[in-house]
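Data first, discussion second: the structure below is written as C-alpha cells.
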Amino acid sequence: MMSKAVKVYTTSTCPYCTMVKNFLKEKNITFEEADVGRDRTAAKEMVDKSGQMGVPVVDIEGKIIVGFDKEAISRELGG
Amino acid sequence: MNDLIVIGAGPAGITASVYAARKRMNCLIITGDIGGQTILSSDIENYTGYHFITGVELAQKFREHLEQFKLELKVGDKVNLVKHEDGIVQVRTEKGEYQAKTLIIASGRIPRKLGVEGEDEFKNRGVTYCATCDAPLFSEMDVAVVGGGNSALDATLQLMKIANKIYLVDVADRLRADPIMVEKAKGSNKVIIYNNAKVKQISGDKFVQGIKIERDGKEEDLTVGGIFIEIGSTPASEFVKDVAKNETGEIFVNCRCETNISGIFAAGDVTDVPAKQIIVACGEGAKASLSAFDYISRL
C-alpha cells in the first residue's frame, strides 16, 4: 500500500497535538509537521483548509480532520 | 450483561477500570478520550512516584496501564442518558445502548460556557476554551480573555508574549487569581483590565470580529479576533438525571463512593469530593470500583 501524505498542524504547547503525533509515530506513519505558532503562512493555510482556528488539524491527502480524532485518522489512513 | 460500566477514562475512570479488571469483573468503559483533564495539566509535581511529569506523559502511563487488561473500551462515544430500572443500569450513548449491574460515573468536568449569543457559532473560529492549545494562533491580534481566576490570568500571561492587545474582562470587582500573576498582567502595557464587566455577545462573519460588553449599565464594543473563555469548569453530569447532585451539578457521594441510587457509584471531579486533584481522583476511582465489586457479590 502506498503511504499517504500526512501533514499535522500544531502548536508547541498543545497537548492534543502531542497525542496526535505520538499516535502517528506508534503507527509508523511519516508526517510533516507545521508549527502554526511560528509559521504564519502555515497558520493561514490551516485556517483556509479547515475553516477554523483550533489545533491540531490533520491533513491526510486533502481530507481534513480537526482535533485528535483517532477513529477518523485511522479510517483515512486505512482507506 | 456487563458487571460494570465505567463512564469516563480520566484518572478516576481508568483506576476504577484497572481495579475492576483485577477483580475479573466484566467491565465496559465508555469515554470521549483517554486521559481526561490530565492531558490539560502542563507540569505535574504532586503525583506520588513522579517528581515531575507532564499531563500528556501521565495520561500515556495511565493508558498503558489500562491496556494491560482486556477490557471493552468505547472511545469517542458520548453518553446521552443513564436510566436505572429494576436493578439494571441502562446507558444510552450516541452510538449504542448498554446494560450493566453497576455503574461508575467518572465523567469529570468540562469548561464552563459563557452562555451568550455567538459563543457556539464561533467556537474554534475565534472562541476557544484552551489557551494552552490555541494561543499561538492569535499572534499580533487583539484578543479578549474572559475570567479573573488563575486560568484566565494564565491565558493572559501566555498571550502577553504573542498577542497585540489583551482585554481581560471579568465580572468581579477585582481579579481573584494569585497576586503574582495579577501583578504581571497589570505591569504589561498590552493588557487592559475591565472589572465589573460582562460579555453580552460575540459577533463576526466567518471568524470572531468583536464582542459586546456591559459595564456600569453601559454597553461597549471591543474589536477582537479571538476570545479566550476561562471561567472555570462544570461537572459533566447532565446525562444522569436521577442521582442527587449539589447546586453546581456535582454528584453527592458518601465515603464509599455510593450515590443515592444503589448500584450507581461516582468518582473523581464529577463528584462533590472537594479536592480536584489527579491523585485524589485515582483514589476515588479505586474506592468506587471496590464498592461496585462488593455490591455485586451481595446480589
Side-chain angles (χ1 to χ4, degrees), chain A residues 7-29 31-60 63-79, chain B residues 31-44 54-61 63-64 67 73-77 95 121-141 143 154-155 157-159 161-163 204-208 225-228:
Chain A
K7 188 166 183 177
V8 187
Y9 297 86
T10 63
T11 63
S12 57
T13 49
C14 154
Y16 297 102
C17 301
T18 310
M19 293 174 80
V20 167
K21 288 189 282 176
N22 287 346
F23 176 67
L24 292 172
K25 280 176 198 159
E26 270 171 35
K27 293 196 129 200
N28 287 321
I29 307 288
F31 60 90
E32 182 193 343
E33 182 179 357
D35 182 340
V36 296
R38 293 214 176 85
D39 183 344
R40 299 300 301 271
T41 320
K44 194 180 172 300
E45 187 180 283
M46 183 196 95
V47 172
D48 287 345
K49 278 184 185 175
S50 67
Q52 58 87 54
M53 300 178 81
V55 282
V57 168
V58 186
D59 177 348
I60 303 173
K63 175 82 190 177
I64 306 298
I65 299 157
V66 178
F68 177 37
D69 187 340
K70 233 175 171 175
E71 265 183 37
I73 295 170
S74 300
R75 201 162 45 231
E76 279 314 310
L77 288 171
Chain B
T31 187
D33 62 19
I34 296 184
Q37 296 172 89
T38 305
I39 300 163
L40 297 172
S41 313
S42 47
D43 301 342
I44 298 161
T54 67
V56 171
E57 284 165 349
L58 187 58
Q60 176 69 18
K61 297 272 179 205
R63 199 184 94 181
E64 285 165 13
E67 286 173 351
L73 197 54
K74 305 269 182 210
V75 185
D77 203 353
K95 296 178 185 170
E121 190 189 340
F122 292 107
K123 190 183 171 203
N124 280 344
R125 295 194 287 133
V127 174
T128 168
Y129 302 89
C130 183
T132 312
C133 306
D134 300 332
L137 275 157
F138 296 84
S139 68
E140 292 161 44
M141 286 167 91
V143 298
D154 194 31
L157 299 188
Q158 283 186 54
L159 286 159
K161 296 179 206 150
I162 45 177
D205 52 13
K206 201 175 167 204
F207 296 99
V208 169
I227 170 167
F228 291 77

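When reading the values below, keep in mind they use all heavy atoms of this one structure, side chains included, and skip hydrogens, waters and symmetry mates. Throughout, protein chains are lettered first and strands after them, A, B, ... in sequence-line order, and every chain is numbered starting at 1. Keep in mind that this is a model prediction, so the values were computed, not measured.
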Practice prompt. Mind listing the closest non-hydrogen atom pair of A:Met53 and B:Gly126 along with its distance?
Written response: SD-N, 3.9 Å
Discussion item. Does anything in residues 38-46 of chain A reach chain B? List residues with heavy atoms under 4.5 Å apart, or say none.
Written reply: A:Arg40, A:Ala43, A:Met46
Worksheet item: Given a strict heavy-atom distance threshold of 4.5 Å, which part of B:Ser139 is in contact with chain A: side chain, backbone, both, or neither?
Response: both
Discussion item. Please identify, among B:Arg63, B:Lys206, B:Gln158, the residue contributing the most non-hydrogen atom pairs under 4.5 Å to chain A.
Written reply: B:Arg63
Discussion item. Within the supplied structure, the quantity of interest is the number of heavy atoms (other residues, nucleotides, ligands) at a distance under 6.0 Å from B:Lys61 NZ; does it exceed 12?
Written reply: no
Practice prompt. Against chain A, label B:Phe122 side chain, backbone, both or neither, depending on which of its atoms sit under 4.5 Å from a heavy atom there.
Written response: neither
Worksheet, complete the sentence: Note: vs chain B, highest number of non-hydrogen pairs under 4.5 angstrom among A:Pro15, A:Cys17, A:Gly37 is A:Pro15
Discussion item. Looking at every heavy atom in both B:Asp205 and B:Arg125, which two are closest together, and how far apart are they?
Written reply: O-NH1, 4.1 Å
Discussion item. Report which part of B:Val75 has an atom under 4.5 Å of a heavy atom belonging to chain A: side chain, backbone, both, or neither.
Written reply: backbone
Worksheet, complete the sentence: Residue from B:Asp134, B:Asp33, B:Ile162, B:Thr128 scoring the most non-hydrogen pairs under 4.5 Å with chain A is B:Asp134
Discussion item. How close do B:Val56 and B:Ile39 get, counting heavy atoms only, and between which atoms?
Written reply: CG2-O, 4.1 Å
Discussion item. Test salt bridge (charged side-chain N to carboxylate O under 4.0 Å, His left out) on A:Glu26 and A:Lys70; report intermediate values, then the result.
Written reply: CA-CA 12 Å; A:Glu26 270 171 35; A:Lys70 233 175 171 175; over 6 Å; no
Discussion item. Does B:Lys123 have more than 12 heavy atoms from other residues, nucleotides or ligands lying within 6.0 Å of its NZ?
Written reply: no
Fill in: Exceeds 12 heavy-atom contacts within 6.0 angstrom, atom NZ of A:Lys63
no
Discussion item. Give me the atom names and distance for the closest heavy-atom approach of A:Gln52 to A:Val57.
Written reply: NE2-CG2, 3.3 Å
Worksheet entry | Test salt bridge (Lys or Arg N to Asp or Glu O under 4.0 Å) applied to B:Asp77 - qualifying residues, sequence neighbours left out | none
